[in-house]
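Worksheet: one structure, shown below.
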Amino acid sequence: MPVFLIDEARRVFENAHAPYSNFRVGAALRCKSGAVFAGCNVENVAYPEGTCAEAGAIAAMVAAGQGEIAEILVLADSAVPVTPCGGCRQKIAEFGTPETVIILANPSGEVGRTTLGALLPGSFTPAHLAGKS
Ligand code: THU
């Protein structure tokens, strides 16, 4: 049975802990290996300690020993399609490429599609760290 990212994102969206924003988010990613991981946002009364759904999915991926993101779907119950926040774009870049597909969804299904390269041009990369041009 194929695992659909939208189904995984819907499942974890229900478990999101978002009592402060009341804005639940679910994310599901597929690795190049085909493995799928999901995460939801987990807010905290100390607001900056909250974590995004994408971060949860990435943490689950890394904990499972995987590390190459082919595509990631972000689901929110919003009239305007929700794109990953700036910090999450950088987190996705750590394990993706400019070609990594980013799918935007609401509970009814997919509402948009873009790439990491389109959302995070000119990103900071390991090449910068090494001082390479
Ligand atoms: N949020 C995510 O989980 N992912 C995003 O890409 C955008 C924002 C969460 C963080 C916070 O819990 C809530 O949405 C409102 O900002």
Side-chain angles (χ1 to χ4, degrees):
M1 272 276 279
V3 178
F4 294 105
L5 295 184
I6 186 76
D7 293 336
E8 287 299 291
R10 278 197 193 106
R11 182 176 62 77
V12 297
F13 171 87
E14 296 299 330
N15 298 331
H17 178 71
Y20 308 106
S21 71
N22 285 315
F23 192 81
R24 292 185 292 170
V25 183
L29 65 83
R30 192 183 313 277
C31 295
K32 285 190 179 164
S33 68
V36 170
F37 300 95
C40 58
N41 54 334
V42 182
E43 296 182 349
N44 192 283
V45 63
Y47 292 177
E49 299 306 323
T51 51
C52 285
E54 296 91 323
I58 289 169
M61 173 189 76
V62 173
Q66 302 266 331
E68 290 184 296
I69 303 175
E71 55 180 347
I72 180 165
L73 180 148
V74 184
L75 184 157
D77 193 3
S78 167
V80 179
V82 168
T83 50
C85 75
C88 284
R89 294 177 196 195
Q90 185 69 36
K91 288 184 176 75
I92 297 165
E94 184 72 16
F95 302 101
T97 68
E99 289 72 42
T100 296
V101 175
I102 300 187
I103 303 161
L104 317 176
N106 65 27
S108 302
E110 180 176 332
V111 291
R113 193 172 271 251
T114 183
T115 64
L116 183 62
L119 291 183
L120 191 66
S123 65
F124 182 66
T125 70
H128 292 112
L129 202 58
K132 296 176 188 161
S133 57

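Throughout, numbering of the chain's residues begins at 1 and tracks the sequence. Because only heavy atoms are used, hydrogens play no part in the values below, and waters and symmetry mates are left out as well, while side chains stay in.
Here E8 pairs with R11 in a salt bridge; the nearest charged N to carboxylate O distance falls below 4.0 Å.
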Assess the residue pair L5 and V36 against the criterion (side-chain contact (heavy atoms from CB on, under 4.5 Å)); give the C-alpha distance rounded to whole Å, side-chain angles, the decisive distance to 0.1 Å, and a yes or no. CA-CA 8 Å; L5 295 184; V36 170; 3.8 Å; yes
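Between T115 atom OG1 and E99 atom CD the span is 7.5 Å, to the nearest 0.5 Å. How far CD1 of I72 is from SG of C88: 7.5 Å, rounded to the nearest 0.5 Å. Taking CD of E71 as the reference point, atom CZ of R30 lies at 5.0 Å (rounded to 0.5 Å).
A heavy-atom distance below 4.5 Å is found between the side chains of P19 and E43. Put simply, the side chain of C31 does not reach to within 4.5 Å of the side chain of F95, judged on heavy atoms.
Closest approach of C85 and E54 over heavy atoms only: N-OE2, 4.3 Å.
The 12-atom threshold is exceeded at CD of Q90, counting heavy atoms of other residues, nucleotides or ligands nearer than 6.0 Å.
Judged as a side chain to side chain contact (heavy atoms under 4.5 Å, CB included), and not counting sequence neighbours, the contacts of E110 are I103, R113.
Using modelled atom types, one finds no donor on one side chain facing an acceptor on the other under 3.5 Å when comparing R89 with S123.
Linking Ile, Leu, Val, Met, Phe, Trp and Tyr whenever their side-chain heavy atoms come within less than 4.5 Å leaves F23 and V42 in two separate clusters.
Through direct or indirect side-chain contacts shorter than 4.5 Å among Ile, Leu, Val, Met, Phe, Trp and Tyr, Y20 is connected to V45, Y47.
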